[in-house]
Amino acid sequence: MERTVFFKLLTLLLCSVTLTTSSSGTDKVLNASKLEMFVDELPNMPRIFGYKVVGGIPKSKSIKIGMFKKKWKFHRDLPPTTVYAYGLSKHTATVPGPTIEALYGIETHVKWQNHLPSNHILPWDPTIPTSLTKSTKGIPTVVHLHGGIHEPQSDGNPNSWFTARFKSKGPTWTKKKYHYSNNQHPGNLWYHDHAMGLTRVNLLAGLIGTYIIRHPSIETPLGLPRGDEFDLPLMLFDRSFRTDGSIFMSSTGNNPSIHPQWQPEYFGDAIIVNGKAWPRLTVRRRKYRFRIINASNARFFRLFFTNGLRFVHVASDSAYIGKPVVSNETLVGPSEITDVIIDFSQSKSNVAILANDAPYPYPSGDSVDEFNSKVMKFTILPDKEVDTSRIPERLVEYPVVDLSSVSRTRYIAMYEYTSNIDEPIHLYLNGKPYDAAVTETPKAGSTEVWYVINLTDDNHPLHIHLGLFKVLDQTELVKSDEFKDCMMKFNDAVKCHVDKHSRGKKVAVLDYEKGWKNVFKMRPGFVTKIVVRFSYIHTNATYGFDATPDPGYVYHCHILDHEDNEMMRPLKIIK
């Protein structure tokens with residue numbers, strides 16, 4: 001694509017280890033070939049329980065989790081890297097942060113504490129809407145529990161940011177301690193920074209972590225692999241480094257006269273899993289459960305095993321699917337979660353490489369190379385094991401969506417705007433910046449249908465806070481240039497006759513993605529129809545909290561570089 005010309009040239013420069021100018025001066029970018037693969041053991045991140053047990057009964061618990069600047073070792077042969085990390089203390093803070101274990105129906109309270117210094121370790125751009133300015137006292141942060149269903153004051157609104165010791169606070173900041181009710185269905189969530197205009201750099205710096213809601217009475221009878229050894233979160237992301245170990249992020253934008261630093265996508269040379277570059281894990285010949293989270297800024301992973309092992313999908317994002325689905329590969333967009341069982345007893349070899357072949361940007365960007373095509377290595381012990389875990393025929397069924405109860409239909413259009421050199425300058429949803437008046441105002445407890453119209457060349461993973469949705473169909477646009485011209489002029493799908501243009505080929509939704517999602521990959525040149533529920537999906541009951549107060553919620557593209565440059569809109573729940 002023409003829009004990636006600048007990025008391709010930059011990548012060639014990085015791979016040849018040329019000198020580059022960064023925010024810290026002139027230094028060398030590390031060639032990924034200097035790092036040997038599969039030499040570091042996969043870390044199992046520390047776990048924090050979001051509840052306490054008193055007299056055998058689980059009770060609500062309050063936790064203090066800080067954000068600290070510290071050194072982190074991403075690879076045996078890489079100097080320690082300065083990062084921002086979550087943890088109970090600076091000493092115990094990790095990248096990713098600790099896995100928070102919550103119980104269904106037991107409240108967890110978290111006081112997120114910002115201990116970060118005044119100056120950011122990565123370049124940031126003052127020309128995009130951002131919470132960081134020259135007058136801000138410290139580095140703004142705010143935590144979003146991705147996939148969580150809870151009050152808006154605890155959702156991590158991008159303008160609810162705060163700096164160290166709360167010296168500066170955003171315009172929608174309300175409270176120091178967040179309340180997670182954990183009354184939703186069991187499943188996989190993750191927490192990450194969500195500060196306005198800084199999400200991409202704060203996550204690159206390391207502010208990410210896993211959160212699991214467990215429901216033993218529902219999950220234990222399934223018989224899936226469990227326990228710290230056999231049930232593992234795998235958080236995947238990509239980074240580039242300088243030879244001194246620091247994280248590399250270009251300080252020059254693709255349109256430097258407009259945005260001095262912002263670029264449309266960040267891609268790193270090294271693939272990181274649980275904080276280590278291309279790690280290894282020794283496994284037994286039995287079943288394992290892996291909760292795979294794509295925490296990259298922009299990279300998609302199309303995962304497969306080089307020895308032919310298959311994925312058995314049991315959940316997608318934060319919800320179980322109805323029955324297991326087997327696949328040879330799985331495409332995971334930024335912020336998506338795929339929850340799979342791998343049966344290593346089925347392997348005919350003693351080594352299995354988890355690999356990736358997704359182009360970047362996805363779907364029509366560059367092909368992967370020797371380094372970003374490898375994820376991690378599994379060494380499989382030779383002796384067979386007695387394995388009491390199982391994969392049941394049925395998993396968890398949720399109430400069927402009743403389309404007759406749909407209260408509203410909406411059209412959500414994705415736009416990209418380019419400069420006179422055909423490079424992106426910003427992206428919008430529905431042709432509006434983030435601070436334009438709210439237009440999406442669903443009722444609490446309601447069901448809506450959204451037609452998401454992707455008028456760009458990229459696949460955009462759309463994330464809706466609070467609401468969960470099912471993908472009904474994906475239809476290609478015909479005479480798309482004609483339709484796009486009309487939309488760019490009027491920004492009105494009905495007036496531009498979307499019904500006449502959305503008559504192209506249909507692409508089936510993959511079986512393992514037919515369940516409830518909070519993120520979905522919106523195909524370029526397609527209209528994707530989703531049904532969105534603003535209630536609990538396991539009961540169809542309305543929320544046990546008031547979802548209507550300020551600051552409300554948001555929905556956005558989860559390519560972080562897009563989200564930061566206005567591909568995000570407010571979402572206001574009404575009664």
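Under a 3.5 Å cut-off, the side chain of Thr210 and the backbone N or O of Pro233 do not form any donor-acceptor pair. Looking only at distances, a side-chain donor or acceptor of Ser60 sits under 3.5 Å from a matching main-chain atom of Glu107. Proximity of a side-chain donor or acceptor of Ser446 to a complementary backbone N or O of Pro442 within less than 3.5 Å is not detected. Remark: side-chain polar atoms of Thr136 are not paired, donor with acceptor, to backbone N or O of Gly138 under 3.5 angstrom. No side-chain donor-acceptor contact under 3.5 Å links Asn182 to the backbone of Ala102. In terms of modelled atom types and a separation under 3.5 Å, the side chain of Asn430 and the main chain of Lys432 share no donor-acceptor contact. Here the side chain of Asn294 pairs a donor or acceptor atom with the backbone of Val332 at under 3.5 angstrom.
For the 3.5 Å distance criterion, the side chains of Ser404 and Asp402 qualify, holding a donor opposite an acceptor. Side-chain polar atoms of Ser217 and His215 form a donor-acceptor pair below 3.5 angstrom.
A salt bridge (charged side-chain N to carboxylate O under 4.0 Å, His left out) check over residues 563-575, counting only residues at least two apart or in different chains, returns the pairs Arg200-Asp564, Asp550-Lys572. Pairs of residues two or more places apart, or lying in two chains, that qualify as salt bridge (charged side-chain N to carboxylate O under 4.0 Å, His left out) and include a residue from residues 46-62 are Arg47-Glu101, Arg47-Asp228. Pairs engaging residues 524-538 under the salt bridge (charged side-chain N to carboxylate O under 4.0 Å, His left out) rule: none recorded [sequence neighbours left out]. Residue pairs that meet the salt bridge (charged side-chain N to carboxylate O under 4.0 Å, His left out) test with at least one member in residues 165-184, sequence neighbours left out, are Glu151-Lys175.
The aromatic ring centroids of Phe534 and Tyr543 lie 6.0 Å or more from each other. Centroid-to-centroid, the aromatic rings of His144 and His463 come within less than 6.0 Å.
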Trace of the side chain to side chain donor-acceptor pair (under 3.5 Å) decision for Asn491 with Tyr415
CA-CA 10 Å; Asn491 189 35; Tyr415 296 91; 2.6 Å; yes

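Considering only residues two or more places apart in sequence or on other chains, Arg523 meets the salt bridge (charged side-chain N to carboxylate O under 4.0 Å, His left out) condition with none of them. His150 meets the ring pair (Phe, Tyr, Trp, His ring centres under 6.0 Å) test with Tyr180; sequence neighbours excluded. Take Asp511 and apply the salt bridge (charged side-chain N to carboxylate O under 4.0 Å, His left out) test, not counting sequence neighbours, and it matches Lys514. Scored by the side chain to side chain donor-acceptor pair (under 3.5 Å) test, Arg310 finds no partners at all (sequence neighbours excluded). Partners of Glu336 according to the salt bridge (charged side-chain N to carboxylate O under 4.0 Å, His left out) rule, which considers only residues two or more places apart in sequence or in another chain, are Lys517, Lys521. Checked against side chain to side chain donor-acceptor pair (under 3.5 Å), Gln184 has no partners two or more places apart in sequence or in another chain. Looking at residues two or more places apart in sequence or on another chain, you find a ring pair (Phe, Tyr, Trp, His ring centres under 6.0 Å) between His426 and Tyr417, Tyr428. By the salt bridge (charged side-chain N to carboxylate O under 4.0 Å, His left out) test, Arg302 pairs with Asp357, sequence neighbours left out.
Atom NZ of Lys443 sits in a sparse spot, with 12 or fewer heavy atoms from other residues, nucleotides or ligands closer than 6.0 Å. The environment of Arg226 atom CZ is sparse: at most 12 non-hydrogen atoms of other residues, nucleotides or ligands sit within 6.0 angstrom.
Residues Thr330 and His313 have side chains in contact (heavy-atom distance under 4.5 Å, counting atoms from C-beta outward). Considering only heavy atoms from C-beta on, Phe301 comes within 4.5 Å of Leu236 through its side chain.
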